[in-house]
Protein chains: 2
Amino acid sequence: METAGEPDWTQRQIDVLDAVLDLLVSGGDALTTAAVARKANCSKETLYKWFGDRDGLLAATVRWQASRVRAGNFDAQHLDASQLRESLEAFAVNWLTVITSRNSIALNRVGVSHAGSGKSNLGRIVLENGRFAIGERVKPLLEAGRANGLLDFDDTETTFRTFFGLLGRDVQIRLLLGDRMETTDAEIARDAARATQQFFALYGASDAPSVTAEHKPH
Amino acid sequence: METAGEPDWTQRQIDVLDAVLDLLVSGGDALTTAAVARKANCSKETLYKWFGDRDGLLAATVRWQASRVRAGNFDAQHLDASQLRESLEAFAVNWLTVITSRNSIALNRVGVSHAGSGKSNLGRIVLENGRFAIGERVKPLLEAGRANGLLDFDDTETTFRTFFGLLGRDVQIRLLLGDRMETTDAEIARDAARATQQFFALYGASDAPSVTAEHKPH
DNA sequence: TCAGAACCGTACCGTACGGTACTTAAGCGG
DNA sequence: CCGCTTAAGTACCGTACGGTACGGTTCTGA
């Protein structure tokens with residue numbers, strides 16, 4: 001796994017990583033080491049001393065952004081239907097907020113580009129800190145729901161992937177390809193609720209009608 | 001719309017576009033005009049004469065690949081439940097096959113990269129020929145299903161996006177980020193069937209039990 | 001047969017950028 | 001006050017690549 005714990009960068013180094021994020025987000029031209037040095041008021045030599053090379057700088061930026069974004073976990077014991085729904089919906093809101101953020105879009109673009117050019121494992125790092133990290137955090141919740149008789153499924157991974165699909169739909173690919181989608185907080189909350197509702201419709205245990213039967217998604 | 005009709009390239013020019021695809025797929029290093037000219041046995045000058053510049057060459061490649069990939073449509077009249085399900089499943093298989101193909105992955109990566117760097121509308125072109133094109137082809141089918149009382153939904157776009165999510169889940173982002181996923185024909189068929197089944201569970205009209213109630217997705 | 005177009009192969013140019021080296025200045029322990 | 005470390009700022013180098021120019025060759029049509 002590439003998801004290390006909290007990176008132990010100094011504040012000065014964190015300023016550099018934030019400069020990288022700013023430059024990636026403002027996009028325009030590609031990220032150059034000279035631009036990073038200029039923006040962070042440091043020398044290129046220092047950059048290379050701290051981060052090795054350009055890829056190391058990008059990898060550190062990915063990990064730094066990921067470490068800032070992890071939300072709190074849940075408490076698995078004494079999980080009733082509404083708690084499960086609220087926890088799932090909270091995850092959903094958090095995840096949608098993350099993947100629609102300009103930072104996440106920019107870093108995912110970098111990861112995709114690097115995955116294409118073959119060299120460096122930056123795509124893998126983005127995957128580990130993005131898609132796989134959220135999976136590892138949601139799956140225990142799903143299994144707790146199953147243990148408490150609230151959900152009915154066999155394979156946790158498959159079930160999570162369905163939830164992921166219901167939630168993300170075409171959002172990530174459209175944003176990565178430059179589509180300007182409105183992603184207000186209200187819209188995110190609505191989409192999270194809809195995805196959660198649909199998820200319960202598909203996987204809610206049949207003996208928990210108060211959760212599964214609410215209204216059809218329109 | 002950027003989805004023009006069949007491009008009217010000569011065979012010689014098509015050979016060039018296929019060379020671009022081969023180079024993009026074999027990835028390794030970034031696509032250079034010199035490499036294209038070498039692979040296609042033509043001169044760089046001819047490349048620029050035919051396609052304007054590097055971006056024009058890439059845009060032409062995207063459109064050429066898209067024009068090759070469009071599958072046949074369906075017949076909307078006299079649509080019964082099994083026909084609707086089969087048509088949806090056929091779309092699903094086709095779409096999954098396309099987005100997991102090496103050509104599609106490579107072109108989507110190019111589109112994402114260009115969308116990030118701001119210049120050129122290649123990301124938009126990929127979107128128009130990918131996500132939006134499949135939407136425009138599936139939505140009439142959904143509406144025909146609704147008109148025949150087989151589906152129950154309000155907004156066609158929202159409904160299609162849910163189908164899209166159930167089908168694609170995390171596949172596209174994982175492939176774009178370099179995850180090596182097994183995508184055998186059998187697996188694609190299974191995923192298409194599962195997505196279609198789940199879609200009917202969510203949107204199937206309640207007075208069509210033979211379609212909606214089959215078995216829970218496990 | 002000849003003129004002209006199309007086009008291949010290659011050489012060339014300018015620039016952008018990753019990475020390195022060097023100079024200077026600031027902080028700091030002794 | 002002095003040596004040492006850190007790092008800013010800048011100049012520099014090598015290379016890769018987009019785009020152009022040009023000579024030579026094949027094709028085409030009269």
Side-chain angles (χ1 to χ4, degrees), chain A residues 8-24 26-62 106 109-111 113-123 125, chain B residues 8-24 26-62 106-107 109-111 113-122 125:
Chain A
D8 49 352
W9 303 115
T10 67
Q11 183 57 48
R12 188 76 187 87
Q13 290 164 330
I14 287 174
D15 292 344
V16 172
L17 299 181
D18 283 333
V20 172
L21 278 173
D22 282 351
L23 286 172
L24 283 178
S26 71
D29 43 1
L31 182 90
T32 68
T33 56
V36 174
R38 203 179 322 121
K39 176 126 189 162
N41 292 321
C42 70
S43 71
K44 286 173 65 176
E45 193 167 18
T46 304
L47 247 49
Y48 285 96
K49 183 177 189 176
W50 285 346
F51 303 103
D53 57 6
R54 187 175 177 277
D55 285 352
L57 178 60
L58 287 170
T61 305
V62 170
R109 284 200 181 120
V110 173
S113 302
H114 273 65
S117 71
K119 65 180 193 301
S120 96
N121 56 342
L122 203 54
I125 294 174
Chain B
D8 50 351
W9 302 114
T10 68
Q11 183 56 48
R12 187 77 187 85
Q13 290 164 330
I14 288 175
D15 292 343
V16 172
L17 300 181
D18 283 333
V20 172
L21 279 172
D22 283 351
L23 286 172
L24 284 179
S26 71
D29 43 1
L31 181 90
T32 68
T33 55
V36 174
R38 201 179 323 122
K39 176 124 188 165
N41 293 321
C42 71
S43 72
K44 284 173 66 176
E45 193 167 18
T46 304
L47 247 48
Y48 284 95
K49 182 178 188 177
W50 284 347
F51 303 102
D53 58 6
R54 185 173 179 279
D55 285 351
L57 178 60
L58 287 170
T61 305
V62 170
L107 289 176
R109 285 199 180 121
V110 173
S113 303
H114 272 66
S117 71
K119 64 180 193 301
S120 98
N121 57 343
L122 203 54
I125 295 175

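Quick note: numbers below take in every heavy atom, side chains included, and nothing from hydrogens, waters or symmetry partners. Residue numbering restarts at 1 for every chain, and letters A, B, ... go by the order of the sequence lines.
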Inset, instruction - Output, in order, the C-alpha distance, side-chain angles, deciding distance and verdict of side-chain contact (heavy atoms from CB on, under 4.5 Å) for W9(B) and V16(B). - result: CA-CA 10 Å; W9(B) 302 114; V16(B) 172; over 6 Å; no
Inset, instruction - Kindly give the heavy-atom pair with the smallest separation between T33(A) and K44(A), and that separation in Å. - result: OG1-CE, 3.6 Å
Legend entry - Phosphate OP1/OP2 of dA7(D) contacted by W50(A) side-chain N/O (<4.0 Å): yes
Inset, instruction - Select from K49(B) and T32(A) the residue whose nearest nucleotide in DNA chain C is closer to the 5' end of that strand. - result: K49(B)
Inset, instruction - Measure the distance from CZ on R38(A) to C1' on dG18(C) and round it to the nearest whole Å. - result: 14 Å
Legend entry - Atom pair distance, as rounded to whole Å: OH in Y48(A) and P in dC13(D): 17 Å
Legend entry - Upstream residue (5' side of DNA chain D) when D53(B) and E45(B) are each assigned their closest nucleotide: D53(B)
Inset, instruction - Could you check whether L31(B) gets within reach of a base, just the sugar-phosphate, or nothing at all, counting any heavy atom under 4.0 Å? - result: sugar-phosphate
Inset, instruction - Check the distance between dG9(C)'s C1' and K39(B)'s NZ and give it to me in whole angstrom. - result: 19 Å
Legend entry - Nearest-angstrom distance from the residue atom CD of Q11(A) to C1' of dT6(D): 18 Å
Inset, instruction - Keeping the roles fixed (side chain from R109(A), backbone from L24(A)), state whether a donor-acceptor pair exists under 3.5 Å. - result: no
Inset, instruction - Determine the contact category for L47(A): base if any of its heavy atoms lies under 4.0 Å from a base atom, sugar-phosphate if only primed atoms, P, OP1 or OP2 are that close, otherwise nothing. - result: nothing
Inset, instruction - Identify the two heavy atoms, one from H114(B) and one from D55(B), that lie closest to each other, and give their separation to 0.1 Å. - result: NE2-OD1, 3.0 Å
Inset, instruction - Would you mind reading off the distance between L58(B) atom CG and dG18(D) atom P, rounded to a whole angstrom? - result: 10 Å
Legend entry - Nearest heavy atoms of W50(B) and R12(B), plus distance in Å: CH2-CG, 3.6 Å
Inset, instruction - Tell me whether the OP1 or OP2 atom of dA8(D) has a side-chain N or O from T46(A) closer than 4.0 Å. - result: yes
Legend entry - Phosphate contact (dC8(C) OP1 or OP2) by R12(B) side-chain N/O below 4.0 Å: yes
Legend entry - T33(B) side chain near dG18(D) phosphate (N/O to OP1/OP2, under 4.0 Å): yes
Inset, instruction - Could you tell me the separation between the CG atom of D15(A) and the P atom of dA7(D), rounded to a whole number of Å? - result: 13 Å
Inset, instruction - Mind calculating the distance between CZ (R54(A)) and P (dT15(D)) to the nearest angstrom? - result: 20 Å
Inset, instruction - Give the rounded distance in Å between these two atoms: NZ of K44(B) and P of dG14(C). - result: 15 Å
